[in-house]
Amino acid sequence: MDGKYLGCNEKAAQFARFGVEAVPHLYRGPFSWEAVEEQTYGPTTMCPPDAAGKFGGREGCVVTPVVERYDPALGGSGRVILKSISADYLSRKGGTDEH
């Protein structure tokens, strides 16, 4: 908004205001690699498992802080955001995208 990323609560308020559907929140709490691993794997949360097609698992998960922040040590824009991609998704038969 206005060229800036919003924090979790501000983003949710804007989505509600404009009727934008958001992806499911799988976890909110203290960061830990164990929590990331737990949310990276499992059945899809985007649709009923029987409607998911050949691959019914999760691609992975995106991890962002509740309050948007930046760290210059990350390089690039420095935005603190992480995508954890499941090994199951990467090794699925017939996959065509690259990460």
*asked:* Under the ring-ring contact (aromatic ring centres under 6.0 Å, His included) definition, can you give me all pairs with a residue in residues 24-48, not counting sequence neighbours?
replied: F31-W33
*Atom of K83, atom of E59 and distance for their closest heavy-atom approach*: NZ-OE2, 2.8 Å
*asked:* Show every side chain to side chain donor-acceptor pair (under 3.5 Å) that has at least one partner inside residues 61-76, sequence neighbours left out.
replied: E68-R79
*List the steps, then state whether side-chain contact (heavy atoms from CB on, under 4.5 Å) holds for I81 with V62.*
CA-CA 7 Å; I81 188 169; V62 176; 3.9 Å; yes
_So, taking the atom named CG in L82 and the one named SG in C61, what distance separates them when rounded to the nearest 0.5 Å?_
7.0 Å
*asked:* List the residues meeting side-chain contact (heavy atoms from CB on, under 4.5 Å) with R17, not counting sequence neighbours, and say none if there are none.
replied: Q14
Using a 3.5 Å cut-off and no angle test, enumerate the donor-acceptor pairs between side-chain atoms of residues 43-57 and protein atoms at least two apart in sequence or in another chain.
from, atom 1, to, atom 2, distance (Å)
T44, OG1, M46, N, 3.1

_Under the ring-ring contact (aromatic ring centres under 6.0 Å, His included) test, residues paired with Y5 that sit two or more places apart_ = none
*Counterpart residues, side-chain hydrogen bond (donor to acceptor under 3.5 Å, both in side chains), relative to T40 (two or more places apart)*: S84
*Looking at R28 and C8, what are the two nearest heavy atoms and their distance?*
NH1-SG, 3.8 Å
_Distance in Å, Q39 CD paired with S86 OG, rounded so as to fall on 0.5 Å steps_ = 12.5 Å
